[in-house]
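Order of the sequence lines fixes the chain letters, A, B, ..., with proteins taken first and strands second; residue numbering starts at 1 for each chain.
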Amino acid sequence: MSIERGLEYVGLKGIDGPLIFAEGIRGVGYDEVVEIISPRGEVRLGTVLEVDANAAVVQVLEGTEGLSTSRTRVRFQGQPMSVAVSREMLGRVFDGLGRPIDNSPAPFGGDRRDISGDPINPFSRVYPRDFIQTGISAIDGMNTLVRGQKLPIFSGNGLPHNRIAAQITRQAKLLGEDVEFTIVFAAMGVKNDVAQYFIRNFEESGVLDNVALFLSTASSPSIERLLTPRTALTLAEHLAFDEGMHVLVIMTDMTNYCESLREIGTARGEIPARKGYPGYLYSDLASIYERAGRIKGSEGSITQMPILTMPNDDISHPVPDLTGFITEGQIVLERDLFQRGIYPPIAGLPSLSRLMKDGIGEGHTRDDHAAVASQLFAAYSHVKEVRGLAAVIGQEELSPIDKVFMEFGEQFEHKFLCQGEYEDRPIEQTLELGWDMLSLLPRGELHRISEEMLDEHYREREGSEL
Amino acid sequence: MNSSTQSTVTRVNGPIVDAVGLGDAQMYEVVEVGPYRLIGEIIRLQGEKGTIQVYENTSGLKPGDSVHPTGAPLSLELGPGLIGNIYDGIQRPLPEIAQHSGAYIRRGEKVPPLDTERNWRFTPSAEVGQRLNPGDIFGTVKETDLIDHRLMLPPGTSGTVVEIVPEGEYTIHQTICRLDTGSSIRELTMTQRWPARRFRPVRNREDVTIPLVTGMRIIDTFFPIGRGGAAAIPGGFGTGKTMTQHSLAKWSDAQIVVYIGCGERGNEMTEVLVDFPSLVDPRTGKSLMERTILIANTSNMPVAAREVSIYTGITIAEYYRDMGYDVAVMADSTSRWAEALRELSGRLEEMPAEEGFPAYLPSKLAEFYERAGAVTNLNGSPGSVSGIGAGSPPGADFAEPVTSHTKRFIRCFWALDTALANARHYPSIHWLTSYSEYIEDVQSWWEEHDAEWATLRLETIELLQHEDSLQQIVTLVGPDVLPDSQRLVLFVADLIKNGFLQQNAFDDVDMFCSPAKQVRLLRLMVELHRRAKQIIEQGAPLVEIRDMQCIPKLVRAKSLTENDDIKRMDALLQEMIRELDALKEKYR
Ligand SMILES: Nc1ncnc2c1ncn2[C@@H]1O[C@H](COP(=O)(O)OP(=O)(O)O)[C@@H](O)[C@H]1O
Ligand SMILES: [Mg+2]
């Protein structure tokens, strides 16, 4: 046993779920990496969760199956979990810890970085303002994405979040700039075919060379998922802030990530907050999501698009709830729209982009953008009320103006929200479509838009007497 | 500090570190831990053993690493240079840290909170031989164009001036005044230290009588907060907590604003840093940054420092209050602070009460909100600290512990509503679930603007309540069965929502609404209802009211009329009354 390789000990005091307890140890630091050598000689990785004068609690990333208390060996590495990052990682596939799994040798060289990263100094951030056109009207028109934003997709089982994410990766571009997005893709606990779907999609659009994949699929050990987004983001930070690239990070499925975190918390006997999730779930998620953004002195950016499935479509479940408190908005998918055949089924009201306000308008998109979006939201929200009423008193009994709103609702969903999976709408088209929709309503109902804008864009129709 | 006992780490559990050899240490003493000399605070002592809360990432820290006591409690340095600065939770200036360690905050950074080299122009106001008591002012420094920094004797210090320097340029640590305290000579500089967690004493607590004018109609007119008041603004994600807090930081008529970003987004602090310097305070014509102090302990920064950030902010606020200023403190979000408490408490293996929160959560919340207040300072000047805390209830459920306990200690509750936010009705503060107990306190102030203020306000609230109960009928049977007199209520309520309650923070005109404009808008709505009601009773159909020429102008008056254009508002009222009078004639 040499000091450089760390100290090695034989035997464990105990094993409990994903945790092992090592005793009689010395000089071990909190959060350092541990190699665990099973009785059969396989090497697994772990990290120190707690340490005192002679004992340590270690979480084993690849699971504790096959470990024994007497014959397991433990080797403390004296440093936190790190990954060597370089541009060479593009076009390659790795596991959650950054080890290649595409049958090619590990990329040569690279700079080793602690995967936990350090917090970005708020003083050093650059406020994100550059409009990203995704070609999807529901996003560009009403929930605009900007470069450096963290905007998750809140989905449910069986909803087409992967197709939407893939469409965004195909179509996302900046107006007037010819830079391609570099993509870092992290899969946590999703089925292998989900990963394959994305790989095929990247291949088809010929960008695979510009993508790094970190896969910790359902068949990988659950605890490995805790490191996957961090490993991926460590590379993203290098590409964005050292190499000046615009990086789009897709992370799926954050719900699986949170379940692994819950598993560790339970094994440690921690007092949970809601639904068994640890009280620090918020801070833990923030340490991932806050790694998006732009910083002074670098051209690059990290835009995050985490995907999560809401258990039972419940948006108040801790995972979507805490995510929504951290991210800069959310794209919510709605089962009802999906079942009515509307793709993408992006919910009109609960979706939100908080950075939209600074990424749209004159100089970014068009001066009427904010007003159109606001009015569409207001009108669609009234549609929801009217539909509720219609369900009770019957459509025929609605007042004439409410009938107009019903018609607006139908058209809005079928013409504005709904579009093809390969349909790439320029922002002008989206806004014009928005005006087509709003012009179905009497001008006097459009309180959120100034008279001048109405004069310019509102399409007066013959006989629209209301 | 006695250095014969070496103190060392015995256990590391995230930010909670146990150590031995702390026999000479004091509770709440600051210690430096391990090779990076991480900053921590002793929070538990038992004989030689102690527990330390460490304010920086403890990754790599080992049992056996040394612990260095500093002999002082966690305290803030108060003096010129606070304004315009941005600090982390333990008062480290983030711009300096950026200079040292780049875009990422590295551990172990030690940076003085205030610029020690900068020269400030000091003007003495005390004379040799003068007797000074705690809080008394001995000179001033022009800290910004807006703020005279009044240099005060620290609480607990008094004496006779034996020497004071003449007007001139000095740095913060130069001695500028010598005081004979009777037992010794005390040297005063431009700064004083004060423990972050301790309330700064006052002579007297006073009643709240003046509103803190925020420029937000739903707040000022319906649920006002007084200067020195305490308010909470809870809401689910995306309902407008931060936007409201930013609005208040921008447009409220406090003289000093302390904004605490506690466990929230980095970009939101960046936004303040980018926007505020170029925004002009409508009252003073100066940049908003000249009255603003930022504390940023964002969600990804260490939780232990998040716990302190609240105290850091409020202590700075009290310091300016002591000078005689009206200060407003915004904390976004107190829930994240409570969660920091919960996380630390969990690691300390304390018995939890509700949802894992420690049993002392309510008393800690009370301590925070109690530090708001209108006061007479030690030096006799009036001052106030208004405290406004955002809350982030999980699942927007207001019954959870932080929100429900907070309600016990505040007198003003702005309930954000997810349904309103989803409908993009901003601000999404709900008029039926919010309340303010300051209404009577500030009533006479408002009556200067309109003698009928209280009545107008009440009538509007009653109308909105009436509308709510009518809506329940409407959702069952539709609006058509209602008589026109009731449909008028629905119509006017709608107008009030669109033309009065909604206020777009991005609207160049409407982002701030002056009190004079607020009462006039309110009167427009109330007059419309009062008069239209009569006309309908005379037999006119509702459509006559709906089709009035002035209605679209009423809806848009908020964004078309400048704040000081009182004439135009009054003209609009006259125009509406003329039109209503004509209808009244028609149906006589
Ligand atoms: N007064 C307002 N005017 C215009 N938009 C608002 C207003 N309040 C909230 N919003 C919108 O709602 C979004 C979320 O508001 P925010 O304050 O960030 O929510 P929270 O802090 O409660 O999560 C903002 O990005 C903005 O688009
Ligand atoms: Mg917020």
* Asked: Do B:Lys553 and A:Glu451 sit within salt-bridge range, that is, some charged N less than 4.0 Å from a carboxylate O?
  -> no
* Asked: Does a side-chain N-to-carboxylate-O contact under 4.0 Å join A:Arg274 and B:Glu355?
  -> no
* Considering only heavy atoms from C-beta outward, does the side chain of B:Tyr104 approach that of A:Glu237 to under 4.5 Å? -> yes
* Option in A:Gln330, A:Glu397, A:Glu270 with maximal non-hydrogen atom pairs under 4.5 Å from chain B -> A:Gln330
* So which of A:Lys357, A:Lys296, A:Glu32 has the biggest tally of heavy-atom pairs under 4.5 Å with chain B? -> A:Lys357
* To do: Heavy-atom distances under 4.5 Å only: say whether B:Leu273 touches chain A with side chain, backbone, both or neither.
  => side chain
* Asked: Would you say the side-chain atoms of A:Ser283 and B:Arg306 include a donor-acceptor pair closer than 3.5 Å?
  -> yes
* To do: Spell out the residues in residues 113-128 of chain A that have some non-hydrogen atom less than 4.5 Å away from a non-hydrogen atom of chain B, in order of number; otherwise answer 'none'.
  => A:Asp118, A:Pro119, A:Ile120, A:Asn121, A:Pro122, A:Phe123, A:Ser124, A:Arg125, A:Val126, A:Tyr127, A:Pro128
* Rounded to the nearest 0.5 Å, how far apart are CG of A:Asp321 and OG of B:Ser392? -> 9.5 Å
* Should A:Leu389 and B:Pro479 count as side-chain neighbours, where that means a heavy-atom distance under 4.5 Å? -> yes
* Asked: Any side-chain heavy-atom pair from A:Glu328 and B:Asn267 closer than 4.5 angstrom?
  -> yes
* Part of A:Leu376 within contact of chain B (heavy atom distance under 4.5 Å) -> neither
* To do: Go through the steps to decide whether A:Ile315 and B:Phe237 satisfy the test side-chain contact (heavy atoms from CB on, under 4.5 Å), and finish with yes or no.
  => CA-CA 11 Å; A:Ile315 197 168; B:Phe237 60 81; 4.2 Å; yes
* Asked: Is there a side-chain contact between B:Arg265 and A:Arg354 (heavy atoms, below 4.5 Å)?
  -> yes
